[in-house]
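Naming: A, B, ... by sequence-line order, numbering from 1 per chain. None of these values were measured; they are calculated from a predicted model.
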Number of protein chains: 4
Amino acid sequence: MIKVGIVGGTGYTGVELLRLLSAHPDAQLTAITSRKEDGLPVADMFPSLRGHVDLAFSAPDKIDLAQCDVVFFATPHGVAMAQAPALLAAGVKVIDLAADFRLKDQATFEKWYKIPHTAPELLEQAVYGLPELNREAIKSAKLIANPGCYPTTMQLGFYPLLKAGLVDASSLIADAKSGVSGAGRKAEIGTLFSESSDNFKAYGVAGHRHTPETSAQLQRYTDDKVGLVFTPHLVPMIRGMHATLYARLTTDISNEALQALFEQQYQDEPFVDVMPFGSHPETRSTRGSNMLRLALHRPDGSDMVVILVVQDNLVKGAAGQAVQCMNLMFGLPESTGLKHIALLP
Amino acid sequence: MIKVGIVGGTGYTGVELLRLLSAHPDAQLTAITSRKEDGLPVADMFPSLRGHVDLAFSAPDKIDLAQCDVVFFATPHGVAMAQAPALLAAGVKVIDLAADFRLKDQATFEKWYKIPHTAPELLEQAVYGLPELNREAIKSAKLIANPGCYPTTMQLGFYPLLKAGLVDASSLIADAKSGVSGAGRKAEIGTLFSESSDNFKAYGVAGHRHTPETSAQLQRYTDDKVGLVFTPHLVPMIRGMHATLYARLTTDISNEALQALFEQQYQDEPFVDVMPFGSHPETRSTRGSNMLRLALHRPDGSDMVVILVVQDNLVKGAAGQAVQCMNLMFGLPESTGLKHIALLP
Amino acid sequence: MIKVGIVGGTGYTGVELLRLLSAHPDAQLTAITSRKEDGLPVADMFPSLRGHVDLAFSAPDKIDLAQCDVVFFATPHGVAMAQAPALLAAGVKVIDLAADFRLKDQATFEKWYKIPHTAPELLEQAVYGLPELNREAIKSAKLIANPGCYPTTMQLGFYPLLKAGLVDASSLIADAKSGVSGAGRKAEIGTLFSESSDNFKAYGVAGHRHTPETSAQLQRYTDDKVGLVFTPHLVPMIRGMHATLYARLTTDISNEALQALFEQQYQDEPFVDVMPFGSHPETRSTRGSNMLRLALHRPDGSDMVVILVVQDNLVKGAAGQAVQCMNLMFGLPESTGLKHIALLP
Amino acid sequence: MIKVGIVGGTGYTGVELLRLLSAHPDAQLTAITSRKEDGLPVADMFPSLRGHVDLAFSAPDKIDLAQCDVVFFATPHGVAMAQAPALLAAGVKVIDLAADFRLKDQATFEKWYKIPHTAPELLEQAVYGLPELNREAIKSAKLIANPGCYPTTMQLGFYPLLKAGLVDASSLIADAKSGVSGAGRKAEIGTLFSESSDNFKAYGVAGHRHTPETSAQLQRYTDDKVGLVFTPHLVPMIRGMHATLYARLTTDISNEALQALFEQQYQDEPFVDVMPFGSHPETRSTRGSNMLRLALHRPDGSDMVVILVVQDNLVKGAAGQAVQCMNLMFGLPESTGLKHIALLP
């Protein structure tokens with residue numbers, strides 16, 4: 001059994017890790033920290049876990065995370081970089097669900113996240129935890145930078161086209177829509193029910209932290225300069241993410257060939273579902289599951305290819321992907337504990 | 001492996017049976033019928049099942065359900081009564097999720113459901129499928145009448161009080177609230193998003209079919225005449241049911257003793273969670289799970305006890321309870337395939 | 001033109017007052033205070049008001065509210081009692097939408113609101129602002145205690161029955177359901193979209209501040225001792241309140257006579273709609289309007305009468321009722337500026 | 001008073017016309033037809049209208065619409081073209097909220113709507129009812145083709161850029177999102193609450209009827225060939241439309257100059273609100289009002305301009321725009337009866 005610790009289990013990625021790991025056949029929840037909730041049984045905060053999780057939150061100074069085999073950080077940016085060095089030195093593997101190790105370039109990190117990076121020496125060794133594009137490196141990683149939810153959809157959607165050199169890399173557009181849980185479990189007016197229900201808006205159009213992360217990753221797959229316009233929106237739903245991706249074809253290619261390209265790319269992937277050409281994937285078809293689904297479209301009389309991508313932002317976009325990485329790091333079958341079927345309706 | 005057939009798999013209880021049974025370690029989905037969707041792969045209608053269910057719908061005349069060990073009817077009222085006799089004669093067990101066999105009295109059935117009962121000879125042998133109150137009979141049953149979602153909450157909430165003779169049986173009130181999925185997957189204006197979102201209303205206050213079912217069942221546990229006022233309401237949420245039950249105490253009893261009564265009653269039940277006295281259970285703490293949770297309250301200066309009960313109407317209120325019955329009927333551990341943790345948030 | 005001031009315009013009752021008053025033909029928005037938002041144009045916080053409201057928030061010490069003819073307090077409890085004495089002394093009328101003056105008994109106020117009352121000398125002169133039951137007193141009032149949203153539904157629903165002596169006053173039950181905006185515009189986890197969407201729960205069952213307010217008011221209309229069990233619930237909708245009221249008849253009375261009783265009571269009321277017997281009023285039929293609608297039911301074989309009451313908690317349950325009082329206080333037709341038709345769908 | 005008839009008042013644009021027109025100071029609701037609901041008081045179907053609309057539905061053959069001054073068609077495509085010729089001949093003005101007269105080219109109409117056009121002789125005389133771009137023609141029109149909701153947002157968003165020749169007309173992208181009421185009040189599974197709540201998806205990506213309408217209109221303002229990729233999505237909200245428009249600048253222009261261009265274009269428009277550069281308009285800021293709001297963005301390091309446009313699809317996108325046209329046709333101030341402030345929250 002893998003002994004698992006969670007730092008920061010009071011947010012939505014935290015409770016989702018608890019849901020997945022408490023039912024994982026090879027994982028044993030060993031420690032969960034929260035300074036503020038020290039002593040509170042986890043199931044008192046999240047009654048959905050009553051009967052499934054007996055653990056209580058511990059203040060960080062009351063528990064030794066070095067007893068764990070792996071520690072997940074479901075924390076705000078800045079926490080993992082402070083604690084990871086000691087854990088890694090003690091032989092504990094670390095999976096960070098925040099952004100501390102996603103950007104290889106320290107200056108870029110500090111520009112976008114507005115805090116100094118206190119463990120820049122780890123940036124090089126950190127492995128970007130997107131299994132579909134980085135599987136081998138993950139298997140031997142000690143420190144995982146788990147991708148954000150938006151970057152996962154954008155990378156898996158654009159990747160086959162960029163790798164095949166079929167599109168203009170400099171004019172990519174990602175019009176993305178996220179459920180409100182992506183904003184986290186924080187007391188803020190903007191994400192109150194009465195503010196975000198029955199409403200729709202864009203946010204962060206001027207510049208979003210996920211743009212440099214995604215651009216840097218996509219750049220690995222093409223020699224052309226990547227240019228990406230990314231527009232995030234807030235959807236009145238709890239879970240779910242939908243990316244509508246636009247790329248301009250530079251080559252004449254049939255719809256069949258396009259479809260074949262994606263199907264071949266992802267045919268062995270347990271968590272990427274290439275739907276029939278022209279499908280309209282719905283976010284709810286992934287609700288609670290680790291599946292990402294996508295479909296291709298070619299609008300009439302245009303040189304655009306449109307890729308529709310959906311996932312559950314808390315699962316494939318966060319906690320599920322982190323567990324997928326854990327499985328790879330510990331030599332387990334990649335799908336272990338991740339076979340949940342989406343909840344529909 | 002138990003060979004399972006489903007009649008009427010295109011509704012919400014149908015797709016929920018598919019979700020539960022396709023992941024059930026001892027069940028094998030063998031046949032699913034739909035006259036209208038003959039030949040359509042199930043996963044084309046419900047993309048959440050892509051990769052999990054390979055079956056296609058079959059027209060009823062193209063498939064022999066007698067090859068199954070058990071057949072679930074997730075159909076409108078009237079279908080099971082037509083097909084059950086032949087299946088039972090062929091040795092197939094039947095679990096009806098509709099109302100055909102819930103009322104022992106044929107006249108009462110025909111009054112409320114406004115169709116003639118075509119298999120009244122089966123009414124006596126049908127077993128009411130509420131495991132917590134009827135477990136032994138279910139184990140040896142051939143034909144199960146699976147309770148409705150409202151009656152499950154009302155019976156499990158009122159039962160300990162009635163059995164102990166603590167309340168006035170003649171003046172029970174159940175103010176119940178259901179998510180919209182309880183109305184089924186039917187093209188109707190009243191349950192359109194634009195009609196039922198951001199809205200709340202009661203319905204069927206003048207008389208609802210679940211009242212005679214619940215009254216008849218509750219009457220089994222008391223010699224006093226049961227009188228029940230039941231008011232159903234529609235909540236703008238997909239899944240979930242909340243019953244607020246009011247009973248008038250006829251005896252002086254402490255809160256501690258009341259709480260102990262419920263805890264003892266349900267202490268060995270895998271799917272009933274008696275929460276601490278004064279808790280406010282939320283429907284989402286049961287979303288997608290087979291758990292029913294309840295909590296007791298004693299409003300200041302009143303002789304009333306208030307019982308708050310929540311469940312997922314499609315799981316413990318329908319498909320999950322049916323699978324729980326199947327497990328009992330086939331000698332499996334009662335929780336087999338039913339250990340899903342609720343999806344929160 | 002009536003010069004109007006608003007104290008605390010950054011909450012939901014505040015913005016609703018702005019919506020109603022900026023379109024009111026006889027009112028002129030003159031001052032709106034917020035310590036925190038001093039200088040911010042109101043329309044920057046609430047873009048719905050762009051083009052309709054030019055005012056900016058002022059810090060309380062920068063503006064003289066004594067220049068107003070009437071001041072509305074859309075503040076937390078405790079603010080109006082501090083400022084009302086000086087305003088009243090200056091000849092300004094005061095309408096408090098919070099609870100400071102709703103309870104005549106100082107000790108009861110302090111028990112439930114847990115703050116000392118600093119203006120107890122005003123409790124006697126404060127007039128309870130429920131026009132349908134207190135119209136004449138409101139006309140000559142200087143200080144209005146505007147009722148809460150729950151108490152409005154309960155009083156207008158139970159009143160005709162209590163006044164006519166038809167029901168057992170000691171065993172009233174109000175099972176009430178509120179949209180989330182009733183919790184206000186405050187940064188709190190419990191009312192985040194991801195917490196309260198697709199969910200339903202009761203709250204405050206052990207005792208809610210609106211119980212003593214409602215009981216005290218109802219007691220005015222009967223010599224029997226009023227006993228009220230009040231159970232509030234949270235509905236995943238923005239606006240709207242639905243009360244399901246249960247009262248036990250002590251007299252034999254026909255449905256027709258019951259209906260006639262309510263119709264006669266409210267026949268001249270512009271904002272109470274007695275729907276046909278057996279109707280199921282929907283909250284959305286009042287969304288954005290000052291109308292309260294109700295309907296009567298007599299469940300089969302019971303001595304109960306069930307009254308279903310709906311309103312928009314921010315309009316008839318708060319800001320609309322306050323404007324209705326203002327109209328009466330200034331001798332205007334009662335419906336002035338309150339003729340909005342509900343937004344459906 | 002303008003005598004108004006409505007054909008097809010049982011849908012969402014119908015009830016919205018009723019809400020607006022029953023409070024319009026210069027309009028008198030005179031006739032409303034529905035074959036199916038003949039004799040039913042309108043307020044029985046839409047209780048929000050109780051006390052505001054006394055009219056009952058009439059079967060078409062029982063009422064003479066020629067007595068009206070203007071008739072609105074809130075019907076499916078194909079109805080207006082059948083009835084308009086006779087009404088126009090009788091001197092009645094006609095405003096069609098469906099698509100019958102939106103496309104000047106009969107063949108294009110028949111290709112996209114798959115029905116023969118039975119009044120092609122009226123196509124030339126029909127005036128496209130977008131006041132901001134077509135005001136003078138509307139004033140003298142006899143027959144108005146009221147634009148669809150999507151085309152309104154796209155045209156008002158792209159127009160200033162096309163007219164000024166600043167962008168590549170051949171590569172416009174409109175990623176648009178609509179509330180569910182846009183699908184109408186029809187009994188269909190796809191728009192049930194349980195299907196569309198807590199969900200997000202694109203639809204009609206392969207080709208949508210609003211693309212040719214919008215392209216043809218935009219083509220009027222540029223000599224370059226217009227190329228438009230339009231991707232509609234369904235948002236789990238009742239009302240509201242958000243268009244995220246992408247256009248590639250062909251000229252170097254400052255943000256200030258871009259902003260000034262839009263502000264000058266729309267400075268006298270009562271129903272177009274150009275928000276400060278970099279704003280994120282929310283759909284709810286237009287809920288129930290006839291206002292369209294937009295804001296400009298320039299993503300970092302790209303030659304794209306992004307225009308965010310919001311409106312209420314049932315008001316500025318349908319019924320409100322139709323009333324705005326009526327006002328112009330009858331010489332009334334354009335805002336008459338259209339000054340509703342959006343309902344927020």
Side-chain angles (χ1 to χ4, degrees), chain B residues 170-171 173 175 177-179 192-208 211-212 215 227-231 233-242 244 246 248 277-285 287 295 297-304 306 308 310 343-345, chain C residues 170-171 173 175 177-179 192-208 211-212 215 227-231 233-242 244 246 248 277-285 287 295 297-304 306 308 310 343-345:
Chain B
S170 73
S171 68
I173 295 177
D175 192 281
K177 300 89 175 175
S178 174
L192 290 178
F193 181 89
S194 300
E195 299 287 313
S196 47
S197 178
D198 213 49
N199 190 28
F200 189 88
K201 66 170 179 177
Y203 66 98
V205 179
H208 189 286
T211 309
S215 296
L228 171 68
V229 169
F230 164 54
T231 317
H233 302 77
L234 195 64
V235 183
M237 62 181 175
I238 299 178
R239 289 163 178 253
M241 173 159 289
H242 186 291
T244 309
Y246 300 88
R248 195 166 298 282
F277 192 91
S279 298
H280 296 100
E282 304 184 68
T283 58
R284 65 176 183 149
S285 74
R287 187 190 291 138
H297 289 258
R298 286 291 313 279
D300 240 18
S302 149
D303 56 358
M304 282 281 182
V306 178
L308 308 177
V310 298
L343 208 61
L344 180 161
Chain C
S170 73
S171 68
I173 295 177
D175 192 283
K177 299 90 175 176
S178 174
L192 290 179
F193 181 90
S194 301
E195 299 288 312
S196 47
S197 178
D198 214 48
N199 190 29
F200 189 88
K201 65 170 180 178
Y203 67 97
V205 179
H208 189 285
T211 309
S215 295
L228 170 67
V229 169
F230 164 53
T231 316
H233 302 76
L234 195 65
V235 183
M237 62 182 175
I238 298 178
R239 289 163 179 255
M241 173 160 289
H242 186 291
T244 310
Y246 300 89
R248 195 167 298 281
F277 192 92
S279 297
H280 296 100
E282 304 184 67
T283 58
R284 65 177 183 150
S285 75
R287 188 191 291 138
H297 289 257
R298 286 292 312 279
D300 239 20
S302 149
D303 56 359
M304 283 281 182
V306 178
L308 307 178
V310 297
L343 208 62
L344 179 161

Fill in the blank from the handout: Minimal heavy-atom distance between S171(C) and R248(B), with the atoms involved, is CB-NH2, 3.4 Å
Handout entry: Least distance between heavy atoms, P345(C) atom then S194(B) atom
Key = CB-O, 3.5 Å
Exercise for the section: Give the C-alpha distance, both sets of side-chain angles, the deciding distance and a yes or no for side chain to side chain contact (heavy atoms under 4.5 Å, CB included) between D198(B) and R287(C). Expected result: CA-CA 9 Å; D198(B) 213 49; R287(C) 188 191 291 138; 3.4 Å; yes
Practice task
Considering only heavy atoms and a distance below 4.5 Å, find which of D300(C), D303(C), T244(C) pairs most often with chain B.
Solution key: T244(C)
Practice task
Would you mind telling me which of S170(C), S279(C), G204(C), A295(C) has the largest number of heavy-atom pairs within less than 4.5 Å of chain B?
Solution key: G204(C)
Checking [X] against chain B: side chain, backbone, both or neither under 4.5 Å from a heavy atom?
{"X": "F200(C)", "answer": "both"}
{"X": "I173(C)", "answer": "side chain"}
{"X": "I238(C)", "answer": "both"}
{"X": "S197(C)", "answer": "backbone"}
{"X": "R298(C)", "answer": "neither"}
{"X": "P236(C)", "answer": "both"}
{"X": "H208(C)", "answer": "neither"}

Handout entry: V235(B) and K177(C), any side-chain heavy atoms less than 4.5 Å apart
Key = no
Exercise for the section: Would you check if E195(C) and R284(B) make a side-chain contact, meaning some heavy-atom pair closer than 4.5 Å? Expected result: yes
Practice task
Report the distance from atom CG of L308(B) to atom NE2 of H233(C), rounding to the nearest 0.5 Å.
Solution key: 6.5 Å
Completion exercise
One should read off an interatomic distance between E282(B) CD and S196(C) OG, to the nearest 0.5 angstrom, of 9.0 Å
Practice task
Look at the side chain of N199(C) and the backbone N and O of T283(B), then say whether any donor-acceptor pair between them is shorter than 3.5 Å.
Solution key: yes
Problem - Best-contacting candidate, H297(B), M304(B), H280(B), against chain C by heavy atom pairs under 4.5 angstrom - result: H280(B)
